[in-house]
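Okay, structure first, notes after.
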2 protein chains.
Amino acid sequence: MFSIEAKSCEGTLQQAGFRITRPRKAILEVLSQTGGALKPEEIQDRAAPLCPGIGLVTVYRTLTLLADLGCIRRVHQDDHCHGYARADYAHGHHVVCRTCRQVVEFHGSEDIGAVIGQVSRQTGFRIDDHLLELMGICPDCQTQDSAVEDRNGG
Amino acid sequence: MFSIEAKSCEGTLQQAGFRITRPRKAILEVLSQTGGALKPEEIQDRAAPLCPGIGLVTVYRTLTLLADLGCIRRVHQDDHCHGYARADYAHGHHVVCRTCRQVVEFHGSEDIGAVIGQVSRQTGFRIDDHLLELMGICPDCQTQDSAVEDRNGG
DNA sequence: GTCGTTGCAAAAAATTTGCAGAAAC
DNA sequence: GTTTCTGCAAATTTTTTGCAACGAC
């Protein structure tokens, strides 16, 4: 059973004139199921069961292609800058869990528009794109961390 | 004449028990004067006049140190992910000009707090940090681009 | 069958480490 | 004078390129 997200990305690939291949399917499936930010090497590892012998080079090429098509998005983190995660929405932003690296996307609310308008006025920049990444602890990891919660003032 | 920002960073270095050396001064001065995001190699090039023979290795080490101290900040851009720029404010966000790469910082307004609160409720994440980067065209480059402005519907 | 895609090996680029000499305090 | 810092060379790690074989359409 393959994920809906992976399927929709295949459509995007096809419409853009690219072929649906086993490595591409595998990579899409990995990112789709993970919902987390992965490095190229991690993606190779996880894609290997779905596509035996998949090469790291192919992973790089595929990630570049998929990112260009907007099927996946680059995720920046202080430690491993070149992570990739699925893009559920056209221009969603994301919250990254610093414990399990799970990525959840959310729609940019009108509040972001307010920030942009304010900064635009303040600086005179004509702002046409933005990168918003929130970092924290996801619900699952919060539960597991509850023993040390008082340390954080909980 | 050296910049105020560079001077204040020197204080930070000293207070943390690190020495003020010529390479460090040069790198601080470069970032301070540039106000833009630069790659380590670019920083080396620009620091060379101020510190002849400065090595790329030193640039890397110094950037890591200064970023850890919060004197400068890592800037993420799609093309060159590992850029560095000065940090004028403690936790400022920045607007990056996609033409000249100038970086202007702005204080995170309460609107960002609103976004965080909203996302926190939506996703259940406990959000404790964020990265907000706006991209666009700075006032200077807008002027130079005015000839092609109609292309963008201006 | 045709042409895009893959994987290997190798190249190139980016980043880190070891160490003796130089510099800051 | 002591200890930290620097720069070189070399080692790693990350990413890209060339090319023959393979696979999707």
Side-chain angles (χ1 to χ4, degrees), chain A residues 2 6-7 9-30 37-45 47-69 71-72 74-84, chain B residues 2 6-7 9-30 37-45 47-69 71-72 74-84:
Chain A
F2 287 85
K7 280 291 173 206
C9 290
E10 288 181 21
T12 307
L13 268 177
Q14 233 159 3
Q15 278 165 36
F18 295 101
R19 292 179 179 173
I20 310 299
T21 65
R22 197 189 239 273
R24 284 174 184 170
K25 274 175 138 162
I27 291 170
L28 281 171
E29 189 56 23
V30 165
L38 300 173
K39 293 193 280 194
E41 214 178 322
E42 292 172 322
I43 292 171
Q44 180 189 29
D45 289 346
L50 303 170
C51 176
I54 186 171
L56 186 55
V57 178
T58 300
V59 174
Y60 272 101
R61 285 192 278 227
T62 304
L63 290 175
T64 303
L65 174 63
L66 293 174
D68 285 351
L69 289 174
C71 294
I72 62 176
R74 293 191 180 83
V75 175
H76 306 266
Q77 286 178 275
D78 259 7
D79 51 332
H80 72 293
C81 204
H82 290 168
Y84 289 83
Chain B
F2 287 83
K7 279 291 172 205
C9 291
E10 288 180 22
T12 308
L13 268 176
Q14 233 159 4
Q15 278 165 36
F18 295 101
R19 293 180 176 174
I20 310 299
T21 64
R22 198 189 238 270
R24 286 174 182 171
K25 275 175 138 163
I27 290 170
L28 281 172
E29 188 56 24
V30 165
L38 299 173
K39 294 191 283 194
E41 214 179 320
E42 292 172 321
I43 292 171
Q44 181 188 29
D45 289 345
L50 303 170
C51 176
I54 185 171
L56 187 54
V57 178
T58 300
V59 174
Y60 273 102
R61 286 192 276 226
T62 304
L63 290 175
T64 303
L65 175 64
L66 293 174
D68 285 351
L69 288 175
C71 294
I72 62 175
R74 294 192 180 81
V75 175
H76 306 267
Q77 286 179 273
D78 260 6
D79 51 331
H80 72 292
C81 205
H82 290 168
Y84 289 82

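Lettering of chains follows the sequences in order, A, B, ..., and the numbering in each one begins at 1. Any value given below was found using the heavy atoms of this structure, including those in side chains, with hydrogens, waters and symmetry copies removed.
Atom P of nucleotide dT6(C) and atom CG of L65(A) are separated by 9 Å, given to the nearest angstrom. Taking atom NZ of residue K39(A) and atom P of nucleotide dT14(D), one finds them 6 Å apart after rounding to whole Å. In this structure, the CG atom of L56(B) is 18 Å from the P atom of dA11(D), given to the nearest Å. One atom, OH of Y84(B), and another, P of dT15(C), lie 8 Å apart when rounded to the nearest Å. The separation between Q44(B) atom CD and dA13(C) atom P is 15 Å, rounded to whole Å. If you take CD1 of I20(B) and P of dC25(C), they are 6 Å apart, rounded to a whole angstrom. Per the geometry, CG belonging to L63(B) stands 15 Å off P belonging to dC5(D), to the nearest Å. L13(A) has its CG atom 14 Å from the C1' atom of dC25(D), to the nearest Å.
Along DNA chain C, the nucleotide nearest to R22(B) and the one nearest to T64(B) differ in position, and the one closer to the 5' end is contacted by T64(B). Along DNA chain D, the nucleotide nearest G55(B) and the nucleotide nearest R19(B) are compared for position; the residue whose nucleotide lies closer to the 5' end is R19(B).
Between P52(A) and R22(A), the closest heavy-atom pair is CD-NH1, 3.8 Å. Heavy-atom minimum distance, Q44(B) versus G55(B): NE2-C, 3.7 Å.
Checking dC5(D), dT5(C), dG23(D) against every side-chain atom of F18(A), the shortest atom distance belongs to dT5(C). Nearest to the side-chain atoms of V57(A) among the listed nucleotides dT14(D), dC25(C), dT16(D) stands dT16(D). Residue P40(B) has its side chain nearest to dT15(C) when only dC25(D), dT15(C), dT5(C) are considered. Comparing dT16(D), dT4(D), dC25(D) by their closest approach to the side chain of Y60(A) singles out dT16(D). Closest to the P23(A) side chain, of the nucleotides dT6(D), dT6(C), dG23(D), is dT6(C).
Phosphate proximity of dT6(C) to T21(A): present, with a side-chain N or O under 4.0 Å from OP1 or OP2. Phosphate contact (OP1/OP2 of dC25(D), side-chain N/O of Q14(A), threshold under 4.0 Å): present.
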Inset, instruction - Evaluate the side chain to side chain contact (heavy atoms under 4.5 Å, CB included) criterion for residues I54(A) and I27(A): first the C-alpha distance (whole Å), next the side-chain angles of each, then the deciding distance (0.1 Å), finally the verdict. - result: CA-CA 10 Å; I54(A) 186 171; I27(A) 291 170; 4.1 Å; yes
Legend entry - L50(A) vs K25(A), side chain to side chain contact (heavy atoms under 4.5 Å, CB included): CA-CA, chis, key distance, verdict: CA-CA 9 Å; L50(A) 303 170; K25(A) 274 175 138 162; over 6 Å; no
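Using a 4.0 Å heavy-atom distance criterion, G17(A) is classed as making no nucleic acid contact.
Between the side chain of R19(A) and the backbone N or O of L13(A) there is no donor-acceptor pair closer than 3.5 Å.
Taking only distance into account, the side chain of R61(B) never meets the base of dC5(D) through a donor-acceptor pair shorter than 3.5 Å.
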